[in-house]
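Residues: numbered from 1 along the sequence shown.
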Amino acid sequence: MREALTAELDSHVPADRVEADALRSIREFLRAEPQPFSRKTLSGHITGSAIVVHVDGPEILLVRHRKLNRWLQPGGHVHEHDASVLATAIRETQEETGHAAGITPWLDRILHVDVHEIPVRPGEPAHLHYDIRYLLAAARNSPRIPEEEIMQAEWFRELALDALDLDASLKSAIASAMKHLKGWQMADGRW
């Protein structure tokens, strides 16, 4: 998995200086850390997440995280059985949003990368998530939220996203997704 992710990172073009710094940090971490995908690596670990777009139109699926009380993209930790970080992003999206099937990659490459700190929690020190973000597509279904960490999952139109208190990195990832999708948008608002 390390070699495949390294190749993906080598071909990724960051959207701005902040993302370029995150990309550099992730490359260094991946090169230096013996177990970069393991949650047991206490300084941090690689995670996979997704910007999920509705297959029929310009909506983004976000999840409201219970402990952080914030809207975030679905995503999380790499598991040993995950074949790739993209597989992690798909699995985590399914788990966190209740979309058991029908989640497909929109791009065959990384959309965005980010490094962010996770605050200290019981039994877990503060650490970094080296987050690899992919662009996925899904159809609308009735969300079933099985995750303890997630309060709700909701689709948002592009204009509605502006009213949310999203962090700068998530806004950048969504902007990257919208840039890729603009070429696909048709007059009736469908992709």
message: Check whether Glu19 reaches the backbone of Ala15 with its side chain - one donor and one acceptor, N or O, closer than 3.5 Å.
response: yes
query: Tell me, do Arg17 and Asp21 make a side-chain contact under 4.5 Å, heavy atoms counted?
result: yes
message: How close do His12 and Pro14 get, counting heavy atoms only, and between which atoms?
response: O-CD, 3.6 Å
field: Aromatic plane relationship, His127 with His45 - under 30° parallel, 30 to 60° tilted, over 60° perpendicular
entry: tilted
- prompt: In Å, rounded to the nearest 0.5 Å, how long is the span from CG of Leu170 to CG of Leu62?
  reply: 6.0 Å
message: Ignoring hydrogens, what is the shortest heavy-atom contact between Ala87 and Ser84? Give both atom names and the distance.
response: N-OG, 3.0 Å
field: Taking every non-hydrogen atom, the tightest pair across Phe156 and Leu161
entry: CB-CD2, 3.6 Å
- line: Rounded to the nearest 0.5 Å, the CG atom of Leu68 sits from the CG atom of Asp167 at a distance of 10.5 Å
field: Gly48 backbone acceptor or donor facing Glu92 side chain under 3.5 Å
entry: no
query: Does His79 reach the main-chain N or O of Asp82 with its side chain, forming a donor-acceptor pair under 3.5 Å?
result: no
query: When rounded to the nearest 0.5 angstrom, what distance separates CZ in Arg70 from CZ in Arg64?
result: 9.0 Å
field: Criterion side-chain hydrogen bond (donor to acceptor under 3.5 Å, both in side chains) against Tyr134, the qualifying member of Arg109, Gln73, Glu8, His112
entry: Glu8
- prompt: Would Leu72 and Trp155 show up in the same hydrophobic cluster when neighbours are defined by side-chain heavy atoms closer than 4.5 Å?
  reply: no
- prompt: Given the rule that I, L, V, M, F, W and Y join up when any side-chain heavy atoms are under 4.5 Å apart, are Leu9 and Tyr130 in one cluster?
  reply: yes
field: Whether Thr41 side chain and Gln35 backbone form a donor-acceptor pair below 3.5 Å
entry: yes
query: At their closest point, which heavy atom of Ala89 faces which heavy atom of Leu136, and how far apart are they?
result: O-CD1, 4.1 Å
- request: For residues Val53 and Trp106, determine if any side-chain heavy atom of one lies less than 4.5 Å from a side-chain heavy atom of the other.
  value: yes
task: Answer yes or no: is there an ion pair linking Arg31 with Glu28, defined by an N-O contact shorter than 4.0 Å?
output: no
- prompt: Of all heavy-atom pairs between Thr47 and Val85, which one has the smallest distance, and what is that distance?
  reply: O-CG1, 3.8 Å
query: Side chains of Leu128 and Ser25: does their closest heavy-atom pair fall under 4.5 Å?
result: no
- request: Nearest 0.5 Å please: distance from the OG atom of Ser38 over to the CD1 atom of Ile46.
  value: 11.5 Å
field: Nearest-0.5 Å distance that lies between atom CH2 in Trp71 and atom CD in Gln152
entry: 3.5 Å
Glu95/Arg91 ion pair, N-O < 4.0 Å: yes
Point-to-point distance, once rounded to the nearest 0.5 Å, from CG of Leu5 to CD1 of Ile110: 5.5 Å
task: Kindly determine whether Thr97 and Val52 satisfy side-chain contact (heavy atoms from CB on, under 4.5 Å), including the steps that lead there.
output: CA-CA 10 Å; Thr97 68; Val52 183; over 6 Å; no
field: Passing option when Arg133 is tested against Ser172, Ser169, Ser176 for side-chain hydrogen bond (donor to acceptor under 3.5 Å, both in side chains)
entry: Ser169
message: Tell me the closest heavy-atom pair linking Asp131 and Ile26, and the distance in Å.
response: O-CD1, 4.0 Å
task: Hey, can you tell me if His77 and His129 have their rings parallel, tilted or perpendicular (30° and 60° cut-offs)?
output: perpendicular
message: Do Ile51 and Leu164 land in one hydrophobic cluster if side-chain heavy atoms of ILVMFWY residues count as linked below 4.5 Å?
response: yes
- request: Applying side-chain contact (heavy atoms from CB on, under 4.5 Å), run through Gln94 and Ile90 and close with a yes or a no.
  value: CA-CA 6 Å; Gln94 290 170 333; Ile90 292 170; 4.0 Å; yes
task: Could you tell me whether the side chain of Met178 reaches within less than 4.5 Å of the side chain of Ile174, counting heavy atoms only?
output: yes
- prompt: Met1 and Ile132: same hydrophobic cluster, using ILVMFWY side-chain contacts below 4.5 Å?
  reply: yes
- prompt: Does any N or O in the side chain of Glu158 come within less than 3.5 Å of the main-chain N or O of Glu59, such that one atom is a donor and the other an acceptor?
  reply: no
